[in-house]
Number of protein chains: 2
Amino acid sequence: MNNNRKINDMEAIPSLVQSQRQINRYNLDMDAQAILVASRLMAAGAQLGQASEIHFSRFGLSTGRYRVLADLEDNEGEELPSQLAEHLGVTRATVTGLIDILERDGLVSRRLSSKDGRQRSVILTEEGAKKLREMAPEHFAWLEATVGLLSIDERSVFLDLLGRVTQGISALTEEPGSKPK
Amino acid sequence: MNNNRKINDMEAIPSLVQSQRQINRYNLDMDAQAILVASRLMAAGAQLGQASEIHFSRFGLSTGRYRVLADLEDNEGEELPSQLAEHLGVTRATVTGLIDILERDGLVSRRLSSKDGRQRSVILTEEGAKKLREMAPEHFAWLEATVGLLSIDERSVFLDLLGRVTQGISALTEEPGSKPK
DNA sequence: GAGATATAATTAGGAACCTAACTATATAGG
DNA sequence: CCTATATAGTTAGGTTCCTAATTATATCTC
């Protein structure tokens, strides 16, 4: 009896009842479903992030390091660390760390810029390009599978809604002290 | 001075053109939009996760530590670490770390179980309950604001689609037979 | 020019979560 | 019993990404 090991893996996912209960507890006037949607989105984001790291570890990469390689490939195989940071939405310090490992593994190389002594170009090596080629089929199949349960039309809708949620989050992070509605 | 990095850099958001270009490069037969949706979802998840940490840091908490407090409150203020781990979807090792800090800050306390010598109950202290009360209005307003750009109906649709994507990810992470290192 | 300021990249250290190994306790098989 | 195994929680160490400070170079102002 003390051994109530639950079959309920669903416990990790917040329910509407739980959201409503939390709102009621403090007599707040809020839409419980809005709270639920936000909570679920956060849970989904965390889950996808973890799944992504596992996925890329099969290729000896991390999510961040893959994104560096892919972004380099999208830019003729050469970029500045600051450009990578901007494209990936991470700090330059993070890019330095990502490149350190990619360089150690021979997938990129660093080169001094002639134009500006402060800059260092990051170059996609042939080995890096080969890595991308080799993993492409499996990687894209994985990406496609994450949305495989949605129809084409539903994907469009989802993309639209997700875009607006992203906007909402952006607005929140840009105005730290402001008051919503 | 306000050198805050914007989490929502437009450059960080993958475009359909970019997705199609990647697919074409390797002559893969895939739906570029599916790739785009998956990529955007990952970006949104990461963005929301970062925004969440910033949000909770205003209350001296992290996302994980808040979730511990909230889950305790939803369970009469007392739970086992293993229950918390299951509810939060994190490992027991992570729960140990979360509780260490919450206990240090006086928001929870640990108590030995009389039933089973291996168990330790985690208790929400009065100070912990007070913290939840104090932050509730601002916190729920923040949560609601993240989906504030969606109508009520759209939130329902989004919730449904998100649920199926989550299912898809679960299926992916459970199935692959290859052994992790 | 010379000093102040801005910018590119790096370094140092921190926070969150993970896996794997460890400790202590409980339970099951012979 | 008493050894073998399972379980609860913790510890140790790794990964990812962060902020803040540092180093080197460029640019603006006087």
Side-chain angles (χ1 to χ4, degrees), chain A residues 1-5 12 42-43 45-47 49-54 56-57 60-68 79-86 88-104 110-122 173, chain B residues 1-7 12 42-43 45-47 49-54 56-57 60-68 79-86 88-105 110-122 173 179-181:
Chain A
M1 58 138 93
N2 51 3
N3 207 352
N4 261 353
R5 204 127 54 72
M42 288 185 53
Q47 183 190 6
Q50 284 177 225
S52 175
E53 293 300 342
I54 292 169
F56 284 115
S57 73
L61 292 175
S62 69
T63 304
R65 295 201 298 280
Y66 170 78
R67 295 183 67 207
V68 166
E79 274 185 284
L80 299 176
S82 48
Q83 291 177 311
L84 282 165
E86 193 179 346
L88 271 58
V90 300
T91 63
R92 277 174 298 180
T94 297
V95 168
T96 296
L98 296 174
I99 292 173
D100 282 346
I101 299 180
L102 288 171
E103 188 175 38
R104 181 202 67 191
R110 273 186 252 237
R111 179 205 291 167
L112 285 171
S113 166
S114 49
K115 294 197 316 196
D116 189 325
R118 295 168 300 184
Q119 296 179 340
R120 274 115 182 100
S121 271
V122 181
T173 54
Chain B
M1 286 322 157
N2 188 0
N3 207 4
N4 270 348
R5 188 179 63 87
K6 283 203 238 165
I7 300 176
M42 288 185 54
Q47 182 190 7
Q50 287 180 16
S52 175
E53 292 301 342
I54 292 169
F56 284 115
S57 72
L61 293 174
S62 69
T63 305
R65 295 202 298 279
Y66 169 78
R67 294 184 67 207
V68 167
E79 273 184 285
L80 299 176
S82 48
Q83 292 177 312
L84 282 164
E86 193 179 347
L88 271 57
V90 300
T91 64
R92 278 173 304 180
T94 297
V95 168
T96 296
L98 296 175
I99 291 172
D100 282 346
I101 298 181
L102 288 170
E103 188 175 39
R104 182 202 65 192
D105 294 347
R110 271 186 253 236
R111 179 204 291 166
L112 284 170
S113 165
S114 49
K115 294 197 309 197
D116 188 326
R118 295 168 299 182
Q119 295 180 340
R120 273 114 182 97
S121 271
V122 181
T173 53
K179 266 192 106 122
K181 310 155 198 172

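The analysis underlying the following values was restricted to heavy atoms, covering all of them including side chains, and did not include hydrogens, waters or symmetry mates. Just so it is clear: chains get the letters A, B, ... in the order the sequence lines come, proteins before strands, and each one is counted from 1.
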task: Check whether any side-chain N or O of A/S62 sits under 4.0 Å from OP1 or OP2 of D/dT15, and answer yes or no.
output: no
field: pair B/L102-B/L61: side-chain heavy atoms closer than 4.5 Å
entry: yes
statement: The side-chain contact (heavy atoms from CB on, under 4.5 Å) partners of A/R118 (sequence neighbours excluded) come to A/D116
message: How many whole angstroms separate atom CD of B/E53 from atom P of C/dG14?
response: 18 Å
field: side-chain contact (heavy atoms from CB on, under 4.5 Å) involving A/R120 - partner list, sequence neighbours excluded
entry: A/L112
- prompt: If you pin A/G64 and B/D100 to their nearest nucleotides in DNA chain D, which one's is more 5'?
  reply: B/D100
- prompt: Residues two or more places apart in sequence or in another chain: which of them pass salt bridge (Lys or Arg N to Asp or Glu O under 4.0 Å) with A/E103?
  reply: A/R110
- prompt: Would one find a side-chain N or O of A/T96 under 4.0 angstrom from OP1 or OP2 of C/dT11?
  reply: no
- prompt: Does A/R92 make a side-chain N or O approach to OP1 or OP2 of C/dA8 shorter than 4.0 Å?
  reply: yes
Protein-nucleic acid N or O pairs under 3.5 Å, nucleotides 22-25 of chain D:
unit_1: D/dT25; atom_1: O3'; unit_2: A/G117; atom_2: N; d: 3.4

query: If you look at every heavy atom in A/G64 and A/L88, which pair is closest and at what distance?
result: O-CD2, 4.0 Å
task: Measure from CD on A/Q50 to P on C/dC17 and round the result to the nearest Å.
output: 9 Å
- prompt: Over how many whole Å does the gap from A/L98 atom CG to C/dA9 atom C1' extend?
  reply: 14 Å
task: State which residues pass side-chain contact (heavy atoms from CB on, under 4.5 Å) with A/Q83; sequence neighbours excluded, sorted by chain then number.
output: A/E79, A/L80
- prompt: OP1 or OP2 of D/dT16 sitting under 4.0 Å from any side-chain N/O of A/R65?
  reply: yes
- line: To the nearest angstrom, the CG-P distance between B/L112 and C/dT23 comes to 19 Å
- request: Measure the shortest side-chain to side-chain distance between A/V122 and A/V95 over non-hydrogen atoms and say whether it is less than 4.5 angstrom.
  value: no
task: Classify the nucleic acid contact of A/A93 as base, sugar-phosphate or nothing, counting any heavy atom under 4.0 Å across all strands shown.
output: base
message: Between P on D/dA8 and CD1 on B/I99, what's the gap in Å once rounded to a whole number?
response: 14 Å
query: Hey, does the side chain of A/R110 come within less than 4.0 Å of C/dA9's phosphate (OP1/OP2), counting only N and O?
result: no
- prompt: If you pin A/T63 and B/V95 to their nearest nucleotides in DNA chain D, which one's is more 5'?
  reply: B/V95
- prompt: If you pin B/L61 and A/I54 to their nearest nucleotides in DNA chain C, which one's is more 5'?
  reply: B/L61
message: Over all strands shown, is B/T91 touching base, sugar-phosphate only, or nothing at heavy-atom distances under 4.0 angstrom?
response: base
statement: Applying side-chain contact (heavy atoms from CB on, under 4.5 Å) to B/S52 and not counting sequence neighbours gives A/M42, B/F56, B/T63, B/W142
task: Using atom CG of A/L84 as one end and atom C1' of C/dT10 as the other, report the distance to the nearest whole Å.
output: 15 Å
- prompt: Starting at OH of B/Y66 and ending at P of C/dA16, how long is that distance when rounded to a whole Å?
  reply: 16 Å
task: Can you tell me the distance, in whole Å, between the CD1 atom of A/I101 and the P atom of D/dG14?
output: 13 Å
query: OP1 or OP2 of D/dG9 sitting under 4.0 Å from any side-chain N/O of B/S82?
result: yes
